[in-house]
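All chains are named by letter (A, B, ...) in the order of the sequence lines, taking the proteins before the strands, and each is independently numbered beginning at 1.
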Amino acid sequence: MEKMLETELFRRRGFRRYRCKVCGHYFWSLVERDVCCDAPCMPYSFIGERICKTVPASLSELRERYLRFFERHGHARVRKYPVVAARWRQDVYLVGASIYVFQPWVTEGIVPPPANPLVISQPCIRLTDVDIVGRSGRHLTGFEMMAHHAFNYPDRHVYWIDETVELAHEFFTKELGIPEEEIVYKESTWSGGGNAGECFEVLVRGLEVATLVFMHYKVTPDGKLEEMPMKIVDTGYGLERIYWLCTGKPNVYEATFDKILTELRKLVGFEKPDDRLLAKLAITMSQMSSEELSRPDIYTILADKLSLEPVQLRNIMLQQEFLYIVADHTRSLAWMIYDGVLPSNSGIGYLARLLLRRMLKYVHLLNIEIPLSELCSKCAKFLVDEYPELKEIYNTLIEISDMEEKKFRETLNTAKSQIMKIVKKGKKSVLSADDLVMLYDAYGVPPEIVEQICKELNIGVEIPQNFYALLVEKKQREAAAQEGEGERGRKPITIDDVRGIAKTQEIFYEDPYAREFRARVLKVFERDSKKYIVLDRTAFYPEGGGQPSDTGRIITERGAECKVVYVFKVGNVIVHEAECRGDVQEGEEVLGLVDWDRRYSLMKMHTGTHILLQAIRRVLGAHIWQAGVQKDIPYSRLDVTHYKVPSDEEIRKIEELANKIIESDLPVETEFLIRTEAEAKYGVRIYQGGFIPSPTLRIVKIVEPTGEIYDVQACAGTHVKKTSEVGIIKIVGVEKLQEGVIRFLFTTSRHVLEYLTLLERSLQDTARVLGCSVSEVPDKVRKLVDSLKETESYVRRLEKLVSSFLMEQVSKNIVNVRDIAISFITVEDVSDRLVQDVARMFTKESKRILVVMNKRGDTGLEVKMFTSSDIAKLLSLRDIVREICSNIEECRGGGGGTFAQMNIRAKVNLDEIKHRILETIRSHVG
RNA sequence: GGGCCGGUAGUCUAGCCUGGAAGGAUGCCCGCCUCGCGAGCGGGUGAUCCCGGGUUCAAAUCCCGGCCGGUCCA
């Protein structure tokens with residue numbers, strides 16, 4: 001994928017192609033140059049300088065100027081998408097570049113783009129370099145990628161390389177006023193999100209400010225490149241980077257988070273270091289790789305390079321790192337929360353926790369007394385100026401950061417005791433590298449914090465320079481030990497079976513209330529003695545979107561009758577699994593009868609789900625997204641993204657709002673739209689059900705009398721026409737499914753009555769058993785529990801009493817063997833606890849053996865022997881028991897220390913056993 | 001989605017590797033000391049050892065399955 005990129009602009013303006021002496025890449029420049037002007041080939045030389053003639057006053061101004069510039073040049077502005085890509089694609093969690101928004105639907109040519117050409121400023125999150133964010137001076141976890149895109153179809157050309165470079169050049173030179181001799185276009189390649197192409201990196205004084213990608217390859221899963229029919233102009237202009245360039249601030253954080261940093265410094269009391277120092281560091285680090293920058297001893301290296309005092313440098317810069325991280329991470333976190341990502345131990349939620357943990361790590365290392373939530377709150381106040389929608393999740397952000405801080409402190413406590421355990425157990429005073437890896441992997445304590453804790457506890461520890469490499473090594477070992485995955489369950493009918501069969505006409509969409517229909521049999525399959533029928537049209541809803549399939553009957557014109565047990569979709573074809581009496585022939589006309597009672601209930605449940613989801617969102621906040629759903633009878637479930645189990649009060653409010661919507665009798669409307677149109681019209685909130693593999697979407701919306709939309713979702717299910725048909729919604733259970741996901745169990749319409757009847761009946765049954773009225777049940781149960789506890793303690797006291805009586809008997813039955821007092825006692829089905837009481841009392845004195853023969857039912861005898869501790873040293877109870885047992889049938893046993901037991905299953909003479917035990921002990925003592 | 005660590009009185013925790021009477025601390029109750037408080041001393045109380053199955057004469061301990069929590073990675 002290497003070819004020379006030449007453009008009309010270069011020829012006209014007199015740009016020439018050079019080869020970088022350092023990296024070997026080709027680049028275009030107006031003036032002669034040895035190196036490509038990219039870091040690390042060339043250090044930054046824009047800091048403290050004024051390269052742009054017209055410096056924008058803020059990020060917003062720069063963004064607006066960019067968007068307007070491209071609007072003036074024939075581009076339509078497209079509003080930003082969520083940062084959570086998982087809402088419309090399955091292969092990635094987060095949006096890492098603006099093109100992710102259009103993959104794969106637009107890039108594959110399946111749906112048209114929302115506009116063509118278009119311009120957008122898309123928030124992105126990249127966590128690959130998270131380790132050095134806040135340190136390197138140039139890396140951010142969250143950034144806005146400003147971009148203009150053109151999609152060139154074989155039959156419709158928009159623009160390609162010449163025009164793209166022309167636009168970029170004009171933007172930088174005319175709009176921002178950067179002298180054109182400062183701009184270098186470096187030839188390279190770019191790939192991401194499944195596509196690739198040649199590109200120009202636009203460089204100014206060591207800084208890459210934009211990438212102009214000419215995308216015309218598809219990257220196959222095995223990493224090969226395939227030529228695409230569509231040619232896509234995919235550009236990316238880093239908003240923060242360009243702003244940094246224009247302002248000439250010492251690093252990207254000081255430029256981007258200027259005001260926030262001032263406030264944070266006031267709050268925390270950290271001094272701002274001299275700009276010249278920050279600039280020197282950023283410039284030096286611009287020539288270092290990510291690996292180098294992530295080293296724990298980075299500030300020693302830097303101090304060495306800049307002839308500074310290492311400890312002092314480290315102390316100053318750790319404080320700055322912390323401020324930078326808080327500013328950057330809070331913004332990314334707020335974006336994620338707004339899109340329904342909540343901290344969790346797995347899945348995408350872990351990425352949110354990762355950001356929080358990084359902030360907390362510094363809070364702890366720097367002994368900062370201010371709660372993290374306060375720091376986040378400070379940032380958020382500024383963030384809402386830039387991103388007003390974040391106001392909606394402000395409280396959530398604060399609450400979450402508080403919760404996570406508490407959690408982190410707990411984790412630190414367990415870590416502390418773990419460290420002490422390791423030291424105590426291994427009888428060592430120094431932690432090994434393996435210990436450090438274990439502490440991080442299993443308890444989440446980063447080595448720096450282990451070091452701090454160890455200092456307090458006077459335990460030695462040394463962080464190996466290759467700590468993260470050791471960790472990766474361990475992960476790889478674990479991955480290698482893993483076995484291959486199991487096979488997925490397959491549908492009995494495959495896409496190959498239905499090839500050539502026309503798309504089934506979906507009556508359930510045309511009329512969701514159709515319960516009877518006539519159709520023609522197109523195909524009948526027999527697999528594993530089951531019949532699968534394909535019709536030309538059907539009112540049977542196939543399983544999908546969390547709605548189970550319909551059931552019912554199919555009757556043929558010649559009198560065969562089939563029970564429809566399951567309905568599913570294969571491609572565009574709907575297949576009915578049926579149990580038939582009689583023969584079904586292809587071409588025959590049939591009558592279909594949907595089990596209406598069941599189906600109508602499911603429709604109410606489905607519409608109920610939409611009503612409920614929206615009610616939850618309005619009560620709990622904008623971070624609520626649907627995380628999963630299953631409609632069922634009598635109870636349906638709805639999983640949402642939320643960080644804790646809602647209070648009873650909140651649940652009541654949700655229920656109230658949902659039922660108000662039902663009572664208001666709002667219309668439920670559906671329409672089919674092309675994906676991009678639907679997104680443009682309703683926003684990406686429509687993707688509640690997750691990934692939908694279709695170019696067109698069915699939109700289901702509930703509309704308020706004012707014309708306002710109560711709820712709108714892309715949904716393939718069947719719905720009632722009016723919300724009033726749902727009747728009533730009752731939440732019957734709420735539980736935490738996993739960290740960050742809450743499950744609502746609910747029911748609707750007459751199933752609510754069934755549920756209440758069930759509750760009532762069990763309450764009545766309980767009352768009957770307790771012999772009281774329903775209202776007295778709680779009180780009665782409380783009393784019962786109390787008296788049970790009392791009784792238990794009474795039994796225990798009685799047992800003590802009994803044991804002292806038994807003790808008397810034991811004392812009377814003493815037989816002496818030499819100077820050892822041996823006593824036998826026979827009991828029946830007595831608790832072990834009682835036996836032990838007696839044994840403890842008897843063997844408290846020295847030279848004593850107690851033999852308890854506990855008859856268990858009529859088949860078994862349990863013999864337990866207890867000795868005082870001095871006897872245990874003299875003879876082995878185990879040997880004695882083994883010896884006795886070897887002479888008795890069905891006897892097994894053993895023991896150790898002061899205790900042994902044997903079990904005899906056969907019927908035996910007690911006196912004989914007693915005699916044998918005594919003899920055996922005698923022989924051992926003698 | 002995968003890996004790792006863990007689940008023992010109200011709370012914290014030992015024991016688990018190597019199977020054999022579940023131990024300690026804290027809390028709670030009673031008593032002593034004290035003008036009183038704090039503290040100390042003595043006594044008592046409190047555990048289905050997460051659940052289910054298996055192995056065994058015997059399981060907190062070993063094996064299998066599940067549930068719950070923690071954590072790292074993708």
Side-chain angles (χ1 to χ4, degrees), chain A residues 86 90-94 127-128 130 343-351 353-354 357 404 407-418 420-422 424-426 434-447 468 470-486 488 735-739 789-790 792-793 796-797 800 831-844 850 852 854 856 860-869 872 876-878 881-882 884-886 888 890-906:
Chain A
Q90 289 178 305
D91 52 343
V92 288
Y93 277 139
L94 296 168
L127 297 176
T128 38
V130 68
S344 168
N345 51 358
S346 70
I348 186 171
Y350 179 68
L351 302 179
R353 176 160 291 165
L354 185 75
R357 283 288 155 101
E404 286 292 313
K407 236 180 185 154
F408 184 64
R409 285 191 195 286
E410 275 165 35
T411 304
L412 283 186
N413 279 335
T414 46
K416 205 167 180 176
S417 58
Q418 276 309 311
M420 291 193 275
K421 210 183 270 184
I422 291 169
K424 215 174 97 188
K425 206 166 191 168
D434 279 352
D435 291 333
L436 284 173
V437 171
M438 192 280 288
L439 281 165
Y440 181 71
D441 197 34
Y443 298 93
V445 204
Y468 288 93
L470 286 175
L471 197 71
V472 168
E473 208 177 282
K474 179 167 183 265
K475 295 284 163 204
Q476 279 167 351
R477 274 202 306 273
E478 284 167 3
Q482 243 171 272
E483 277 180 38
E485 286 163 46
R488 278 167 145 208
E735 58 182 353
K736 188 169 101 173
L737 194 62
Q738 50 169 269
E739 197 92 80
K789 274 187 186 162
E790 236 170 82
E792 271 170 6
S793 92
R796 186 76 192 110
R797 267 178 286 151
K800 288 255 154 100
S831 76
D832 283 347
R833 200 163 53 172
L834 184 52
V835 171
Q836 279 166 24
D837 277 344
V838 180
R840 247 185 256 276
M841 273 191 271
F842 187 71
T843 57
K844 227 186 292 180
L850 177 68
V852 182
N854 198 0
R856 294 283 193 193
L861 178 70
E862 194 180 88
V863 181
K864 288 183 195 257
M865 299 169 62
F866 303 88
T867 74
S868 49
S869 47
S876 158
L877 278 179
R878 178 184 313 210
V881 165
R882 291 251 168 94
I884 298 166
C885 260
S886 63
I888 301 173
E890 294 199 57
C891 174
R892 314 199 77 170
T898 59
F899 169 80
Q901 77 173 58
M902 51 191 171
N903 270 292
I904 304 166
R905 294 260 160 82

Describe the nucleic acid contact of A:K864 in one word from base, sugar-phosphate, nothing, applying a heavy-atom distance below 4.0 Å.
nothing
Could you pull out the closest heavy-atom pair between A:L877 and A:A900, with the gap in Å?
CB-CB, 3.7 Å
Nucleotide B:rC72, atom C1' - distance to CG of A:N345 in whole Å:
10 Å
Considering only the C1' atoms, how many Å lie between B:rG15 and B:rA47, rounded to the nearest integer?
14 Å
Can you list everything that forms a side chain to side chain donor-acceptor pair (under 3.5 Å) with A:Y443? Sequence neighbours excluded, please.
A:Q418
From CG of A:D434 across to P of B:rC4 the rounded distance in Å is 16 Å
Set of side chain to side chain donor-acceptor pair (under 3.5 Å) partners for A:R878, sequence neighbours left out:
none
Contacts of type salt bridge (Lys or Arg N to Asp or Glu O under 4.0 Å), residue A:E404, not counting sequence neighbours:
A:R353
Could you give the distance separating B:rC67 and B:rG52 at their P atoms, to the nearest angstrom?
15 Å
Take atom C1' in B:rC57 and the same atom in B:rC4, then report the distance between them in whole Å.
36 Å
B:rC72 P sits how many Å from A:R353 CZ, rounded?
8 Å
Re B:rU71: Watson-Crick or G-U wobble partner, both distances kept under 3.5 Å, found to be B:rG3
Rounded to the nearest angstrom, tell me the gap between atom CD1 in A:I348 and atom C1' in B:rA74.
12 Å
Interatomic distance where CG belongs to A:N903 and C1' belongs to B:rU56 [whole Å]
11 Å
Span that lies between the C1' atom of B:rC29 and that of B:rG69, in whole angstrom
33 Å
Donor-acceptor pair, A:S344 side chain versus A:E739 backbone, under 3.5 Å?
yes
Any idea which heavy atoms bring A:G347 and A:Y93 closest together, and the distance?
CA-OH, 3.6 Å
Should B:rC32 form a Watson-Crick or G-U wobble pair with both distances under 3.5 Å, which nucleotide is its partner?
B:rG40
Nucleotide B:rC57, atom C1' - distance to CZ of A:R905 in whole Å
7 Å
Consider the side chain of A:K800, meaning its heavy atoms from C-beta on, and name the nucleotide among B:rU71, B:rC57, B:rU45 that approaches it most closely.
B:rU45
B:rC16: pairing nucleotide in any strand, Watson-Crick or G-U under 3.5 angstrom:
none
Residue set satisfying side chain to side chain donor-acceptor pair (under 3.5 Å) with A:S868, at least two apart, ordered chain then number -> A:D870
In whole angstroms, the gap separating C1' of B:rG44 from CZ of A:R797 amounts to 12 Å
Inter-nucleotide P distance (B:rC16, B:rU11), Å rounded
23 Å
With sequence neighbours left out, what residues match A:F866 under ring pair (Phe, Tyr, Trp, His ring centres under 6.0 Å)?
A:F899
When we call it a touch if two heavy atoms are under 4.0 Å apart, what does A:E739 touch: a base, just sugar-phosphate, or nothing?
sugar-phosphate
For nucleotides B:rC51 and B:rA60, find the distance between their C1' atoms and express it as a whole number of Å.
14 Å
List in chain and number order the residues that pass salt bridge (Lys or Arg N to Asp or Glu O under 4.0 Å) with A:D832, two or more places apart in sequence or in another chain; answer none if no residue qualifies.
A:R856, A:K864
Please give the nucleotide sitting opposite B:rG10 as a Watson-Crick or G-U wobble pair, both distances under 3.5 Å, or none.
B:rU26
With sequence neighbours excluded, residues passing salt bridge (Lys or Arg N to Asp or Glu O under 4.0 Å) with A:K800
none
For a quick check, with a 4.0 angstrom heavy-atom cut-off, what is the B/S/- contact string for nucleotides 19-30 of chain B, read 5' to 3'?
-BBS--------
Distance in angstrom units between A:R892 CZ and B:rU55 P, rounded
13 Å
Would you mind pulling out the nucleotide paired to B:rC62, Watson-Crick or G-U wobble, both distances under 3.5 Å?
B:rG54
Between the protein and nucleotides 5-15 of chain B, which nitrogen or oxygen pairs come in under 3.5 angstrom?
residue	atom	partner	partner atom	Å
B:rC5	O2'	A:Y443	OH	2.7
B:rA14	OP1	A:K421	NZ	2.9

A:R833 near the nucleic acid: base, sugar-phosphate alone, or nothing, with a heavy-atom cut-off under 4.0 Å?
nothing
Whole-Å C1' distance, B:rC49 and B:rU8
4 Å
Just how far is it from atom CD of A:Q901 to atom CZ of A:R892, taken to the nearest 0.5 Å?
13.0 Å
Given the P atoms of B:rU61 and B:rU55, what is the spacing between them in whole Å?
15 Å
My understanding is that a pair needs two contacts under 3.5 Å, Watson-Crick or G-U wobble. By that rule, which nucleotide pairs with B:rG46?
none
Has A:Y350 got a side-chain N or O lying under 4.0 Å from the OP1 or OP2 atom of B:rC72?
yes
